[in-house]
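Bear in mind that the values here come from a model prediction, so they are computed numbers and not experimental data. Sequential numbering from 1 along the given sequence is applied to the chain's residues.
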Amino acid sequence: MIDSPNTKQAIIEHFSFIKDMECSFQEKLFNAATFVRLPKGYVIASENDRCAHLALVLSGQARIYKVAASGREITLYRINSGDSCVFTASCIMSDAHFPAIAEADSNIEAVIIPADLVRSWISEYQVWCTFIFGLISKRLANVITLLEEVAFERLDIRIAAYLVHLATAQGHINIALKITHQEIAAELGTSREVVSRTLKTLDAKKLLSVGRKEIFITDVEALYRYTQSKNWAK
């Protein structure tokens, strides 16, 4: 049960559709929900787990990823504040097992709602139904894009695009990204050795400089242009 006015306000601020719902639903949600804090590195769900709750994330970030038999990882998507997990929602609706691993990328604050209420509210409240199916629509598009990139995009382009994304998020032209080759490999679903070879190639093209546990990007714009130049000679 959510008693804190501050937590109630945070829920409404991060999930604005709740504000527009009738007071009876808001009370049901606050009475049914439980506030949780999860530390960085906490495994929220493992593959084949049953989904007993749906989490609405108020702060922090979770990573959803798959691990192959070879041990390679690939990130499917991340969940940030104001979001929820489409796999969990889908598993609750279909009574299926969780198909991946969910892990806290940072400390997380969230509220969790029991699975039986997640299901029943879909038929009772149109706005809740729209929220749940909106999750599925958005994430389906993201996963399809990921599949296209893995299947059809050159790895050097994918690595360059990922580094541009990280650098742009930090808002600098010249920036040292504190990231290992293994972390890039886990993000993109390849091996550390392949990432290292590719980074050496990009280094030779003067698009970045590879250091120990960091990658220095001197010109984000040049690296971005490389991602748009599919036919750039290797």
pair [X]-[Y]: side-chain heavy atoms closer than 4.5 Å:
X: His181; Y: Leu199; answer: yes
X: Phe98; Y: Asn48; answer: no
X: Cys85; Y: Cys51; answer: no
X: Leu188; Y: Ile184; answer: yes
X: Arg197; Y: Glu193; answer: yes
X: Arg192; Y: Val195; answer: no
X: Asn80; Y: Val57; answer: no
X: Lys178; Y: Lys213; answer: no

To check you understand the geometry: which heavy-atom pair defines the closest contact between [X] and [Y], and what is its length?
X: Pro99; Y: Lys66; result: O-NZ, 2.8 Å
X: Pro39; Y: Ala104; result: O-CB, 3.4 Å
X: Ala167; Y: Val220; result: CB-CG2, 3.8 Å
X: Ile64; Y: Ala100; result: CG2-CB, 4.0 Å

Q: Would you check, one step at a time, whether the test side-chain contact (heavy atoms from CB on, under 4.5 Å) holds for Cys91 with His97?
A: CA-CA 6 Å; Cys91 290; His97 295 259; 5.9 Å; no
Q. Does a salt bridge link Glu103 with Arg63, judged by any charged N lying under 4.0 Å from a carboxylate O?
A.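 Between Arg63 and Glu103 there is no salt bridge, as every charged N stays at least 4.0 Å from the carboxylate O atoms.
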Q) So, Asp3 and Lys8, do they make that salt bridge, N to O below 4.0 Å? A)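 No, this pair does not count.
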Answer yes or no: is there a donor N or O on one side and an acceptor on the other, between the side chain of [X] and the main chain of [Y], under 3.5 Å?
X: Ser106; Y: Gly60; value: no
X: Asp203; Y: Val210; value: yes
X: Ser137; Y: Phe133; value: no
X: Thr168; Y: His165; value: no
X: Ser90; Y: Val86; value: no
X: Gln26; Y: Ile18; value: yes
X: Asp49; Y: Ala45; value: no
X: Gln228; Y: Arg225; value: no
X: Ser4; Y: Thr7; value: yes
X: Ser120; Y: Leu117; value: yes

Consider only side-chain heavy atoms of I, L, V, M, F, W and Y, link residues closer than 4.5 Å, and tell whether [X] and [Y] are in one cluster.
X: Ile132; Y: Phe17; value: yes
X: Met93; Y: Trp121; value: yes
X: Ile101; Y: Leu76; value: no
X: Ile11; Y: Ile112; value: no
X: Val118; Y: Val36; value: no

Q) Is the Tyr77-Tyr65 ring centre distance short of 6.0 angstrom? A)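 No, ring centres 6.0 Å or more apart.
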(Q) I'd like to know whether OH of Tyr224 has more than 12 heavy-atom contacts from other residues, nucleotides or ligands below 6.0 angstrom. (A)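 12 or below, so no.
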Spacing of [atom1] belonging to [X] relative to [atom2] belonging to [Y], to within rounding of 0.5 Å:
X: Ser81; Y: His14; atom1: OG; atom2: NE2; value: 4.5 Å
X: Phe15; Y: Leu29; atom1: CZ; atom2: CG; value: 9.5 Å
X: Ile159; Y: Leu223; atom1: CD1; atom2: CG; value: 10.5 Å
X: Leu207; Y: Ile215; atom1: CG; atom2: CD1; value: 12.5 Å
X: Arg37; Y: Leu58; atom1: CZ; atom2: CG; value: 10.0 Å
X: Leu54; Y: Ile92; atom1: CG; atom2: CD1; value: 5.0 Å

Q.
Checking side-chain polar atoms at under 3.5 Å, does Thr75 have a donor or acceptor matched by the opposite partner on Glu187?
A. yes
Q.
Can you confirm whether the side chains of Tyr42 and Asn107 place a donor and an acceptor under 3.5 Å from each other?
A. no
Q. What do the steps show when you test Asp105 against Lys40 for salt bridge (Lys or Arg N to Asp or Glu O under 4.0 Å), and what is the final call?
A. CA-CA 6 Å; Asp105 259 353; Lys40 179 179 179 180; over 6 Å; no
Q) Can you check side-chain contact (heavy atoms from CB on, under 4.5 Å) on Phe35 and Ile2, steps first, answer last? A) CA-CA 7 Å; Phe35 180 79; Ile2 305 297; 3.9 Å; yes
Q: Kindly determine whether Asp83 and Arg78 satisfy salt bridge (Lys or Arg N to Asp or Glu O under 4.0 Å), including the steps that lead there.
A: CA-CA 9 Å; Asp83 205 352; Arg78 282 184 165 82; over 6 Å; no
Q.
For a salt bridge (Lys or Arg N to Asp or Glu O under 4.0 Å) check, start with the C-alpha distance between Lys28 and Glu124, then their side-chain angles and the critical distance, and finish with the verdict.
A. CA-CA 12 Å; Lys28 284 183 180 180; Glu124 291 181 50; 3.4 Å; yes
